[in-house]
Asks: 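Take this structure, written in structure tokens, and hold onto it; I'll ask about it next.
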Amino acid sequence: MTIYFDNNATTPLAAEALEAMLPYYKEFYANPSSIHSAGRKARDAINLAREQVASLVHAHSSQIIFTSGGTEANNLAIAGSVSGMELDDIGVSPIEHPSVRDVVRSLKSRCSVTELKVSQQGVVSEESINKFIDGKHNFLLSVMLANNETGAVQPVANFADKVRAVGGIIHSDVVQALGKLDVNFETLGVHLMTLSGHKIYGPKGVGAVVYDKAIDLRPILLGGGQEKKLRSGTENVAAIVGFGVAAELAKKRLNESYKHLLELREKFETQLKDIPGIVLFAEDADRLPNTTFFSLKGIDGETLLMQLDMQGIEVASGSACGSTNLQPSHVLSAMGIDEVTAMGAVRVSFGLQNTAREVDVLIDFLKQLTSIKSSH
Ligand code: PLP
């Protein structure tokens, strides 16, 4: 049996979600745009899922546009919201997912792009936001609610107040916060939010944009005009149904899952800190309850990942494949972490299925490994 500690990459599919999805592959396969009763049944299922997803984020169902995932939702939210607007600048945090960073980069021919600063704890600096906003009106700001690598939670509601006060637009990728924190579209105050199904025990290949109807959102995919003409393409009915059920479950068990995840993380970090040479990233930041990003001095992250894998323990490393070699995480670089330490980075992200016993197995192995290393 393997131990899966890579839940920020993806979560296992909840049994309830799978169960709800299967009939939409087997029996209710009609196209939701068809007028006949089978088509209407598929349409009703999408509408129910829309209510379930909206309820999880305290939004109205008419504000939800289903997409093929978080990546497409980030593309639609950013490219689609600036498409019709007079645009001077886009402000973006340096710790965003590539599906935000690369879309923003692609808009460089239309406007200037400002990269904000983050603290050593991985939190976007308020000062750099103030500086960016100063004197501007025609701009978009994109800051994620929680970072996928460090888990650091960003003061997005505060930034949204500032942006709205001067008439700008603000987007937040809440993919990692969803299901772990109570994400509230109303109180967060952003104009656009990105969601993804497979980080909340729903299926892969489905996500959503939540949007404030006051903004002029335009489609990036043209065609049959599904999803209020904002996302053409026959809907992935089964995946949308699974996302809806996962959202309902997430809402129901939010408090219980927060408590469980935090217990696992605290148990892990308490023992991790006893290991000599440990560096815990974003330790002092407000963090997601399930995420620990760390480095062990003298041990390369990729090597540690492979050693853990051989023990049946699945984690993520912080480095990414560049064109010719491994690159340190862009998140750690933005935090000013030196390259050697950053190349040692490993991320453990707990999920609802994990147990305290599994944490013990990981800790025992790390302790064993570091004691072997230090005796050499
Ligand atoms: N945004 C964040 C913060 C993510 O962690 C991810 C997935 O890793 C995405 C966006 C992309 O979502 P998807 O895999 O549904 O395209």
Side-chain angles (χ1 to χ4, degrees), residues 3-26 28 41-70 73 145-146 148 151 153 172-188 193-210 235-265 288-291 349-356 358:
I3 299 180
Y4 183 77
F5 284 147
D6 196 13
N7 292 275
N8 284 7
T10 196
T11 50
L13 183 63
E16 294 89 336
L18 176 62
E19 184 99 347
M21 290 167 71
L22 288 175
Y24 291 89
Y25 287 118
K26 292 195 210 162
F28 310 126
K41 176 138 179 96
R43 170 67 49 211
D44 289 348
I46 292 177
N47 287 339
L48 172 61
R50 207 184 298 285
E51 299 280 346
Q52 290 164 320
V53 171
S55 167
L56 176 62
V57 295
H58 309 264
H60 190 267
S61 58
S62 62
Q63 297 176 296
I64 308 288
I65 305 295
F66 285 118
T67 65
S68 67
L145 186 53
N148 41 306
V153 177
S172 186
D173 173 345
V174 307
V175 164
Q176 290 292 342
L178 197 67
K180 298 171 193 142
L181 305 176
D182 187 13
V183 178
N184 185 321
F185 184 66
E186 278 297 311
T187 56
L188 201 59
M193 252 173 23
T194 291
L195 321 178
S196 174
H198 72 107
K199 313 281 184 173
I200 64 160
Y201 308 88
K204 295 167 184 62
V206 63
V209 171
V210 188
E235 297 90 337
N236 186 349
V237 182
I240 290 172
V241 165
F243 185 18
V245 170
E248 189 174 75
L249 272 175
K251 181 165 176 145
K252 231 185 272 167
R253 59 191 186 191
L254 196 58
N255 290 338
E256 171 203 338
S257 55
Y258 184 89
K259 193 167 158 278
H260 176 65
L261 295 172
L262 194 61
E263 270 171 18
L264 294 178
R265 196 192 81 187
L288 290 177
N290 78 320
T291 307
S349 51
F350 300 110
L352 298 179
Q353 74 285 13
N354 292 132
T355 62
E358 290 178 329

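In this chain, numbering begins with 1 at the start of the sequence shown.
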Asks: A side-chain contact here means heavy atoms from C-beta on lying under 4.5 Å apart; do Asn148 and Lys199 qualify?
Replies: no
Asks: Is the count of non-hydrogen atoms from other residues, nucleotides or ligands lying under 6.0 Å from Glu19 atom CD greater than 12?
Replies: no
Asks: If you measure from CD1 on Ile200 to CD on Gln176, what distance do you get to the nearest 0.5 Å?
Replies: 11.5 Å
Asks: Nearest heavy-atom pair of Val183 and Leu145: which atoms, and what distance?
Replies: CG2-CD2, 4.0 Å
Asks: Distance from Gln353 atom CD to His260 atom NE2, nearest 0.5 Å?
Replies: 7.5 Å
Asks: Would you give the length of the straight line joining atom CG of Leu262 to atom OG of Ser257, rounded to the nearest 0.5 angstrom?
Replies: 11.0 Å
Asks: So which heavy atom on Gly70 is nearest to which on Thr194, and how close?
Replies: O-CG2, 3.5 Å
Asks: How far apart are the closest heavy atoms of His60 and Ala54, and which atoms are they?
Replies: C-CB, 3.7 Å
Asks: Could you tell me whether the side chain of Ile46 reaches within less than 4.5 Å of the side chain of Arg50, counting heavy atoms only?
Replies: yes
Asks: To the nearest 0.5 Å, tell me how far Ile64 CD1 sits from Ile240 CD1.
Replies: 11.5 Å
Asks: Are Lys180 and Asn8 close enough that some pair of their side-chain heavy atoms sits under 4.5 Å apart?
Replies: yes
Asks: In Å, rounded to the nearest 0.5 Å, how long is the span from NE2 of His198 to CG of Leu13?
Replies: 12.0 Å
Asks: To the nearest 0.5 Å, how far apart are CD in Glu358 and CZ in Phe350?
Replies: 9.5 Å
Asks: Where is the tightest heavy-atom contact between Arg265 and Thr291, given as atom of each residue plus distance?
Replies: CD-O, 3.5 Å
Asks: Which atoms form the tightest heavy-atom contact between Gly179 and Ala250, and what is the distance?
Replies: CA-CB, 4.2 Å
Asks: Do the side chains of Gln63 and Val57 get nearer than 4.5 Å, heavy atoms only?
Replies: no
Asks: Once ring-ring contact (aromatic ring centres under 6.0 Å, His included) is applied, do any residues pair with Phe66, and if so which ones, sequence neighbours excluded?
Replies: none
Asks: Side chain of Thr11, backbone of Tyr201: donor and acceptor closer than 3.5 Å?
Replies: yes
Asks: Between Asn354 and Asn290, do the side chains contain a donor N or O and an acceptor N or O under 3.5 Å apart?
Replies: no
Asks: Considering residues at least two apart in sequence or located in another chain, which fulfil the ring-ring contact (aromatic ring centres under 6.0 Å, His included) criterion with Phe28?
Replies: Tyr24
Asks: Check for a donor-acceptor pair, side chain of Glu51 on one end and backbone N or O of Leu48 on the other, with a separation under 3.5 Å.
Replies: no
Asks: For the backbone of His58 and the side chain of Glu186, can you confirm whether one donor and one acceptor N or O come within less than 3.5 Å of each other?
Replies: no
Asks: Locate the shortest heavy-atom distance separating Leu288 from Val153; write the atom from each residue and the value.
Replies: N-CG2, 4.0 Å
Asks: With no hydrogens and no angle check, is any side-chain donor or acceptor of Ser196 less than 3.5 Å from a backbone partner on Val175?
Replies: no
Asks: Kindly determine whether Leu181 and Tyr258 satisfy side-chain contact (heavy atoms from CB on, under 4.5 Å), including the steps that lead there.
Replies: CA-CA 7 Å; Leu181 305 176; Tyr258 184 89; 3.9 Å; yes
Asks: Would a distance-only check, ignoring hydrogens and angles, find a side-chain to backbone donor-acceptor pair under 3.5 Å from Ser349 to Asn7?
Replies: yes
